[in-house]
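Some notes on the structure that comes next.
Below, each value reflects all heavy atoms present in this structure, side chains not excepted, and no hydrogens, waters or symmetry copies. Convention: sequence-line order gives letters A, B, ...; per-chain numbering from 1.
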There are 2 protein chains.
Amino acid sequence: MVTMRDVAELAGVSVATVSRVLSGARQVNGELAERVRDAQEQLGYRTNLLASGLRRQRTDTVGMVVPQVGNPYFSALMEAVGRRLQRVGKTVLLVDAEDDPAAEADGIHRLLDRSIDGLLAVPVDERASSAALTEAAAHVHLVQLDRAAAGVPADLVAVDHRAGIRAVVDHLVGLERRELAFVSAGPRDSTARERAKAFDEAVAATGCTAQPSRLGAYTVEWGRAAATALVDGGRLPAAVVCGNDLIALGVLAVLVEAGVQVPERVAVTGYDDIGFATLTRPTLTTVRQPIDELAAAAVGRLLHASSAEPAVPAVATDAPDPAVLAGVASPVDAAGAVDAAGAVDAADVPVAAQDAPTVQRFAPALIVRDSTPVGGPVAQRGDEVSL
Amino acid sequence: MVTMRDVAELAGVSVATVSRVLSGARQVNGELAERVRDAQEQLGYRTNLLASGLRRQRTDTVGMVVPQVGNPYFSALMEAVGRRLQRVGKTVLLVDAEDDPAAEADGIHRLLDRSIDGLLAVPVDERASSAALTEAAAHVHLVQLDRAAAGVPADLVAVDHRAGIRAVVDHLVGLERRELAFVSAGPRDSTARERAKAFDEAVAATGCTAQPSRLGAYTVEWGRAAATALVDGGRLPAAVVCGNDLIALGVLAVLVEAGVQVPERVAVTGYDDIGFATLTRPTLTTVRQPIDELAAAAVGRLLHASSAEPAVPAVATDAPDPAVLAGVASPVDAAGAVDAAGAVDAADVPVAAQDAPTVQRFAPALIVRDSTPVGGPVAQRGDEVSL
DNA sequence: CTGTTAGCGCTTTCAA
DNA sequence: TTGAAAGCGCTAACAG
């Protein structure tokens, strides 16, 4: 291994000078600097980040944990985050939680043990992920992305799922589809809980009817299983509202295989707008999450993290619900704050204490495609309705 | 930050003893050990891997670079590799090359700078990736997975693409589809080149005809573009053979949208068998790569990496081509070896010099679904044909 | 502006 | 067996 010492000797200077030249921290005599750089080049020297990190007590490295690398929504999030962090010279260490809180906790610890400067987390489970994340928050800057775990004293950047689901239901009801079925993931994570709650509220608000919700997992398999039950049960709804696109794709496949006309007999909607949503026949009406904005906001908060004032995001400012809401009360109430976020009137919320967790919500957009019928007052096919 | 020193003081022993207890390296008095463990528990001490790694000169960490985290084939590979490494106590650091050799080189350096013990790479570009990988190979154990870069002195674990493509063409020709079109990625990476070559060979061998190959990228967009050209050109082939499933999904979508009957008028095949291949209408006939076996073999080689004898893989031993081939000659010839691998008779290859790169090929399987018509001698719909 | 020196937190000789 | 001490490669005080 070639060390800084080797470079120093070859350049005929002290290691301190080498360090200064390479880090650009201090002014160094031009000629010396050149000698150092030559020597570095010649030896192919690269600084050892273990040593550097140990000494500096920072590594310019941030960790990111996602529930499932195989879910296209998360891989899109990973890509967006990665690009942004690279741009500012940070390295991202990715960890796959394999949809398992234990594996997630493990991964988080592995990251912490490597002295990351910050952590971006999409918690697997609203409760089971809390312990590991709370501990993590005690050691590094932590920002929750997309989902929140209960009681974790860390900011959350996510979209306004209530608005997203409400837009879907409004769209369907506008098309006179008034008997709905909701197929989603069980209330294990915060998005599933929020979407389920939002669905119930939307049903109540619009006065349509809904079959008992079918809650499983955010997977194609669950979508297939639920749709099979729907078809076999013989009580087809006028529309199936799905908690995410994977479920919707599973539902769609089963319905089409069973010869059910989509959207004529049954409409189907998804959530996330993953790339594959345009590849099915019919294509999938869904809710698009502004991934780049989410990534930018999360990274911004992470890098901050002292200019903690919840700046208004560059986009999505004209949402019906305030796009930015200060979190309420104490850290332990964070989950409650998340839960209530959509319901709180921003004007009533005092500027929170400096370090209280903040929730930043972005507005999603309804993307109307072929899996919902044409017509109706809310949106035409092909429309992209910003909320 | 709580250090080993804190634990030592609380336990009333020296740091050396703490280190010994925690690493389990040496025998330590039972009572002292217990005191140490209590202290650790009480303080929530975790060993600092920066310091430990710096001292030990190993980190029990391996890096993995993939061309695109968003490609489901690669995320499946990442998952399989991650699970296997976790099982043996290694941590994986994932890096996304963003399909860009420069970003890839950057990512590789970032990993090397962090003193990883080994690197698993799926090179983006057969030539442009060589420099960074060759350099990496000089510092850490390197294993190439799925793809190889030219001249890199490192083992390769991949599938026998020649056999895979040949099976597809045989299948189609067996169904009397004798006018083919090949849509794939340009010969930037080794798999694209191998598949293109295999296609040409298969066409020649079976005596069917083929339109000029349409080579772009391994993306849905390219599949769409190529299919649009095909439809607009008016010269529809009897079957479109695609270089991977993403392309095939794009082709399928465009054909179906254009009202072309699939598979009646045009059959379509993919490659990889990503999960989404079963979600389209019709479902996609494709070639499945044995991901778990690939991951196991690659990880095995990485961990090895001294028991370097090319052990016969547990599965896929009955492939028509030998599943395991020793690499030939010098490291600089590695690319040639890869290229010729399928064509070399294993019996002729002497046991290679201890450290010559080795190519380990696994047999893929043809998965017959609805995008190719029924009948024919080779495979029935629903079949899974091991090669 | 440059060099010397003292660690960062840990593992591992080397003595005791 | 245990402890003292050296040192992994680097950066940051502190002198000069």
Side-chain angles (χ1 to χ4, degrees), chain A residues 1-37 39-40 43-61 89 91 109-117 139-140, chain B residues 1-37 39-40 43-61 91 109-110 112-117 139-140:
Chain A
M1 164 174 271
V2 38
T3 76
M4 189 171 268
R5 212 189 129 135
D6 301 321
V7 177
E9 285 176 358
L10 180 56
V13 298
S14 71
V15 291
T17 299
V18 175
S19 176
R20 285 170 190 137
V21 171
L22 299 187
S23 74
R26 269 175 139 73
Q27 200 63 11
V28 175
N29 177 295
E31 198 221 341
L32 284 197
E34 188 161 356
R35 291 222 307 267
V36 167
R37 268 187 263 277
Q40 178 199 17
L43 297 173
Y45 170 78
R46 308 209 95 229
T47 125
N48 180 328
L49 262 36
L50 253 39
S52 162
L54 178 59
R55 181 63 235 244
R56 294 194 305 145
Q57 298 290 66
R58 46 195 300 270
T59 55
D60 294 321
T61 299
T91 294
H109 281 133
R110 292 167 121 98
L111 288 171
L112 293 179
D113 291 349
R114 277 171 180 73
S115 308
I116 52 173
D117 298 335
H139 296 294
V140 297
Chain B
M1 162 172 272
V2 38
T3 75
M4 189 172 268
R5 214 190 127 133
D6 300 321
V7 177
E9 284 176 0
L10 181 55
V13 298
S14 71
V15 291
T17 299
V18 175
S19 176
R20 286 169 190 138
V21 171
L22 299 187
S23 73
R26 267 173 138 73
Q27 200 61 12
V28 174
N29 178 295
E31 196 222 342
L32 284 198
E34 188 161 354
R35 289 223 308 267
V36 168
R37 268 188 263 277
Q40 177 199 18
L43 296 173
Y45 170 80
R46 306 209 95 229
T47 127
N48 180 328
L49 262 36
L50 253 41
S52 161
L54 179 58
R55 179 65 233 243
R56 294 193 308 145
Q57 299 289 67
R58 46 195 300 271
T59 55
D60 294 320
T61 299
T91 293
H109 282 134
R110 292 167 120 99
L112 291 179
D113 292 350
R114 279 169 177 75
S115 307
I116 51 173
D117 299 334
H139 296 294
V140 297

Practice item. Begin with the C-alpha distance, continue with both residues' side-chain angles, and end with the deciding distance and a verdict on side chain to side chain contact (heavy atoms under 4.5 Å, CB included) for B:Asp6 and B:Thr3. Key: CA-CA 5 Å; B:Asp6 300 321; B:Thr3 75; 3.6 Å; yes

Review point. Can A:Leu112 and A:Val140 be said to form a side chain to side chain contact (heavy atoms under 4.5 Å, CB included), step by step?
Key: CA-CA 8 Å; A:Leu112 293 179; A:Val140 297; 3.9 Å; yes

Check your understanding: After noting the C-alpha distance and the side-chain angles of B:Asp60 and B:Asp117, does the key distance pass the side chain to side chain contact (heavy atoms under 4.5 Å, CB included) rule?
Key -> CA-CA 6 Å; B:Asp60 294 320; B:Asp117 299 334; 4.1 Å; yes

Practice item. Run the numbers on A:Val21 and A:Gln40 for side chain to side chain contact (heavy atoms under 4.5 Å, CB included), then give the verdict. Key: CA-CA 10 Å; A:Val21 171; A:Gln40 178 199 17; over 6 Å; no

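For the side-chain hydrogen bond (donor to acceptor under 3.5 Å, both in side chains) test, residues two or more places apart in sequence or in another chain that qualify with B:Glu31 are B:Arg35. For the side-chain hydrogen bond (donor to acceptor under 3.5 Å, both in side chains) test, no residue two or more places apart in sequence or in another chain qualifies with B:Arg37.
At whole-Å resolution of the value, CD in B:Gln57 and C1' in D:dG7 are 11 Å apart. Between the CD atom of B:Glu31 and the C1' atom of D:dT2 there is a distance of 14 Å, given to the nearest Å.
How far CG of A:Asp113 is from NE2 of A:His139: 9.5 Å, rounded to the nearest 0.5 Å. Expressed to the nearest 0.5 Å, how far CG of B:Asn29 lies from OG1 of B:Thr17 amounts to 9.5 Å.
Scanning all heavy atoms of the two residues, the minimum distance from B:Thr91 to A:Arg110 falls at OG1-NE, 2.6 Å. Residue B:Val28 comes nearest to B:Ala33 through the heavy atom pair CG1-N, 4.2 Å, listed as atom of the first residue, atom of the second, then distance. A pairwise comparison of heavy atoms in B:Val2 and B:Tyr45 identifies O-CD1, 3.4 Å as the closest pair.
When atom types are taken as modelled, the side chain of A:Thr59 and the backbone of A:Ser115 share a donor-acceptor pair closer than 3.5 angstrom.
Residues of residues 47-56 of chain A having a heavy atom closer than 4.0 Å to DNA chain C, listed by number: A:Leu54, A:Arg55. Residues from residues 1-10 of chain A with heavy atoms under 4.0 angstrom of DNA chain D, sorted by number: A:Met1, A:Thr3, A:Met4. For the segment residues 11-21 of chain B, residues with any heavy atom less than 4.0 angstrom from an atom of DNA chain C are, sorted by number, B:Ala16, B:Ser19, B:Arg20.
Contacts between chain B and DNA chain C, taken as any atom within less than 4.0 angstrom of a protein heavy atom, begin and end at C:dG9 to C:dT13.
The environment of A:Glu34 atom CD is sparse: at most 12 non-hydrogen atoms of other residues, nucleotides or ligands sit within 6.0 angstrom.
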